[in-house]
Amino acid sequence: EIGKGGMGVVYEAEHTGLGKRVAVKLLLDTFSEDREVLARTLRIPAQSLRGDLPMMETQDADLLVLADNIMTVNGARPDFLALAALLTASGLRGMSLATVNTLTPSLSVQSRFFAPALGIAEAPVTGSVHGPLAAYLVRQGLVPVHEGTAGLMCAQGKPGGRTGIVYALVECRENDT
């Protein structure tokens, strides 16, 4: 932990792909009141968002949000104008809606990425979000770690549209929690 503020707690991490130290912010539970607004904007049931886990803001100002299952992720039909306004008001570039309850055990996570304020309604593959997403999933104990390393196969894309696979590797140190 390197800092704490009104919206969350900031942790130091290493981005192994870039070979540099980065900051990762976990949003406090007070932000969870916006889960209902976010769910309405994504047109999904609010109870389908993981309320037991904090949402996380990445160094690139992307919001990571976990859903209970792949049906929720695939079923999201965002109101892109409302989502752009919500993200912009929060100082965010985009958001990833993801789940570890995938359609096949070979996938660690399935996600969709929205950045409508940047003119990208939905990106088919966003590598920059999967590094922080992988680290977050490891920190939350949602993916297995073997001998200090977690290798994740991440699928991203719109159902019936363009999709892609991103591989993420998380190296853990003994003092990481």
Identify the two heavy atoms, one from [X] and one from [Y], that lie closest to each other, and give their separation to 0.1 Å.
X: Cys154; Y: Ala168; result: SG-CB, 4.4 Å
X: Leu169; Y: Gly151; result: CD1-CA, 4.3 Å
X: Ala135; Y: Val170; result: N-CG2, 3.8 Å
X: Phe114; Y: Leu87; result: O-CD1, 4.2 Å
X: Ala46; Y: Ala39; result: CA-CB, 3.5 Å
X: Gly157; Y: Thr163; result: CA-CG2, 3.7 Å

How about [X] and [Y]: do any of their side-chain heavy atoms sit closer than 4.5 Å?
X: Ser108; Y: Val100; value: no
X: Leu142; Y: Leu53; value: yes
X: Thr99; Y: Val109; value: no
X: Leu137; Y: Leu152; value: yes
X: Leu42; Y: Asp79; value: no
X: Ser111; Y: His130; value: yes
X: Leu38; Y: Glu36; value: no
X: Met55; Y: Leu64; value: no

At what distance, to the nearest 0.5 angstrom, does [atom1] of [X] lie from [atom2] of [Y]?
X: Asp62; Y: Glu57; atom1: CG; atom2: CD; value: 8.5 Å
X: Ser48; Y: Leu97; atom1: OG; atom2: CG; value: 8.0 Å
X: Thr88; Y: Arg93; atom1: OG1; atom2: CZ; value: 13.0 Å
X: Ser96; Y: Leu63; atom1: OG; atom2: CG; value: 9.0 Å
X: Glu147; Y: Glu171; atom1: CD; atom2: CD; value: 13.0 Å
X: Thr102; Y: Gln110; atom1: OG1; atom2: CD; value: 5.0 Å

So, Arg112 side chain and Ala76 main chain: donor-acceptor pair closer than 3.5 Å or not?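 Pair found, side chain donor or acceptor close to backbone of Ala76.
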Test your reading of the model: is there a side-chain donor-acceptor pair from Thr58 to the backbone of Asp60, 3.5 Å cut-off? yes
Verify same cluster id: [X], [Y] (apolar side-chain graph, 4.5 Å):
X: Ile44; Y: Leu103; answer: yes
X: Val166; Y: Phe113; answer: no
X: Leu133; Y: Met153; answer: no
X: Ile120; Y: Val125; answer: no
X: Tyr136; Y: Val145; answer: yes

Yes or no on side chain to side chain contact (heavy atoms under 4.5 Å, CB included) for Asp68 and Leu49, after CA distance, side-chain angles and deciding distance? CA-CA 6 Å; Asp68 285 338; Leu49 296 177; over 6 Å; no
Strictly by modelled atom types, are Thr72 and Arg50 linked by a side-chain donor-acceptor pair under 3.5 Å? no
Judged by modelled atom types alone, do Thr126 and Gln156 share a side-chain donor-acceptor pair under 3.5 Å? yes
Is the number of heavy atoms from other residues, nucleotides or ligands within 6.0 Å of CZ (Arg43) greater than 12?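 Atom CZ in Arg43 is crowded, with more than 12 foreign heavy atoms closer than 6.0 Å.
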Side chain to side chain contact (heavy atoms under 4.5 Å, CB included) between Leu86 and Val37, worked out: CA-CA 9 Å; Leu86 181 63; Val37 173; 4.2 Å; yes
